[in-house]
Amino acid sequence: MRLAKSAHLAHPWRVHEITRDFAVQDVWSFRTPGAGPDDFPAMLTAIRSHGRIDQQSRPVRALFSLRWKLGALLGWDKPSAGVGGRVASLRDRVPGDLRGASPAPDDGGPVLTAVYQTPVESVRELANKTVHTVMHLGWVRGADGDHELRMAVLVKPNGRLGRLYMAAIAPFRHLVVYPALTRQWERAWRNREGISR
């Protein structure tokens with residue numbers, strides 16, 4: 001379910017300390033019935049096992065495929081435009097007490113790079129010629145008493161190109177990608193039994 005940006009901004013997440021120059025683009029919540037305060041690692045495991053891009057619906061996979069093809073054609077995704085190239089990693093901004101936190105495992109994929117992970121937060125980043133993006137996953141107590149997953153996407157556009165890019169993909173994010181992701185991640189939570197942790 002889509003939430004107001006204030007749902008992310010009002011919560012005392014540690015990610016605020018390293019993303020002051022980023023704008024919150026989207027905030028979504030995911031139902032995780034029966035989840036308790038210590039179940040965040042189980043949710044992350046479920047997402048890694050059953051929530052990857054290659055397991056998304058056909059329309060979502062088609063949109064990502066089109067995006068990667070455009071990126072290759074226009075040179076958006078060259079290593080020189082990414083984290084460690086055009087922009088420094090947010091890992092360089094992580095406060096000292098978080099540097100010792102358990103690092104978020106990298107999935108081995110090319111999309112998002114781990115920044116840090118705590119018992120209630122996971123932060124990953126991506127940069128290319130258009131934007132520097134942060135995906136923040138957080139674990140909060142919901143209105144029904146169960147804990148739930150919250151996802152916030154924060155963005156720093158790269159000039160006019162980045163602003164145009166974000167405006168162009170907004171309908172696809174809101175009408176196709178995030179609703180499909182919500183269904184998939186909620187299903188991953190429901191089907192988490194048997195996943196090795």
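With hydrogens and angles disregarded, no donor-acceptor distance shorter than 3.5 Å links the side chain of R173 to the backbone of Q25. Under a 3.5 Å cut-off, the side chain of K156 and the backbone N or O of H132 do not form any donor-acceptor pair. At distances below 3.5 Å, at least one donor-acceptor pair connects side-chain atoms of T118 with backbone N or O atoms of E121.
Here the closest heavy-atom approach between residue R20 and residue E17 is recorded as NH2-CA, 3.9 Å. The nearest pair of heavy atoms linking S29 to L3 is CB-CD1, 3.7 Å. In terms of heavy atoms, P157 sits closest to V131 at CA-CG1, 4.0 Å. When all heavy atoms are compared, the tightest approach of G34 to D146 is N-OD2, 2.9 Å.
Atoms CZ and CG, from R58 and L63 in turn, are 13.5 Å apart once rounded to the nearest 0.5 Å. Residue S122 holds its OG atom at 5.0 Å from CZ of F40, rounded to the nearest 0.5 Å. Rounded to the nearest 0.5 Å, atoms OG1 (T182) and CE (M1) are 9.5 Å apart. In this structure, OH on Y116 lies 5.5 Å from CG on L98, to the nearest 0.5 angstrom. Within the model, atoms CG of L70 and CH2 of W68 stand 11.0 Å from one another, a figure rounded to the nearest 0.5 Å. One distance of note links CZ of F30 with CZ of R187; it measures 12.5 Å at 0.5 Å rounding.
Grouping the Ile, Leu, Val, Met, Phe, Trp and Tyr side chains by contacts below 4.5 angstrom, directly or via other members, places L175 with W28. L90 and V83 sit in two unconnected hydrophobic clusters of ILVMFWY residues. Membership requires side-chain heavy atoms under 4.5 Å apart, directly or through other members. A chain of hydrophobic side-chain contacts below 4.5 Å, direct or via other Ile, Leu, Val, Met, Phe, Trp or Tyr residues, connects M135 to L181. Tracing side-chain contacts under 4.5 Å through hydrophobic residues (I, L, V, M, F, W, Y), one reaches M43 starting from V153; they form part of the same cluster. In the hydrophobic clustering of this structure, F172 does not group with L164; members are Ile, Leu, Val, Met, Phe, Trp, Tyr whose side-chain heavy atoms approach within less than 4.5 Å, directly or through other members.
Residues P119 and W139 fail the side-chain proximity criterion, which asks for heavy atoms closer than 4.5 Å. For the pair T130 and N158, the minimum side-chain heavy-atom distance is 4.5 Å or more. Looking only at side-chain heavy atoms (C-beta outward), P33 and E186 stay at 4.5 Å or farther from each other. At least one side-chain heavy atom of I18 sits under 4.5 Å from a side-chain heavy atom of P95. Counting heavy atoms from C-beta on, the side chains of M166 and V155 come closer than 4.5 Å. W189 places a side-chain heavy atom less than 4.5 Å from the side chain of D39. Put simply, the side chain of D26 reaches to within 4.5 Å of the side chain of R2, judged on heavy atoms. Using a 4.5 Å cut-off on side-chain heavy atoms (C-beta onward), N128 and T133 make no contact.
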Inset, instruction - Check the pair L137, W185 against side-chain contact (heavy atoms from CB on, under 4.5 Å), reporting the backbone distance first and the verdict last. - result: CA-CA 12 Å; L137 298 178; W185 284 6; 3.8 Å; yes
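For E125 and S89, the side-chain atoms include at least one donor-acceptor pair closer than 3.5 Å. There is no side-chain donor-acceptor pair under 3.5 Å between H147 and D38.
When each of V120, D97, V123, T19 is tested with R14 by the rule side-chain contact (heavy atoms from CB on, under 4.5 Å), just one qualifies, namely D97.
H136 meets the ring pair (Phe, Tyr, Trp, His ring centres under 6.0 Å) test with H8, W13; sequence neighbours excluded.
For R93, the CZ atom sits in a packed shell: over 12 heavy atoms of surrounding residues, nucleotides or ligands are nearer than 6.0 Å.
The stretch residues 70-84 participates, sequence neighbours left out, in these side-chain hydrogen bond (donor to acceptor under 3.5 Å, both in side chains) pairs: R67-D77.
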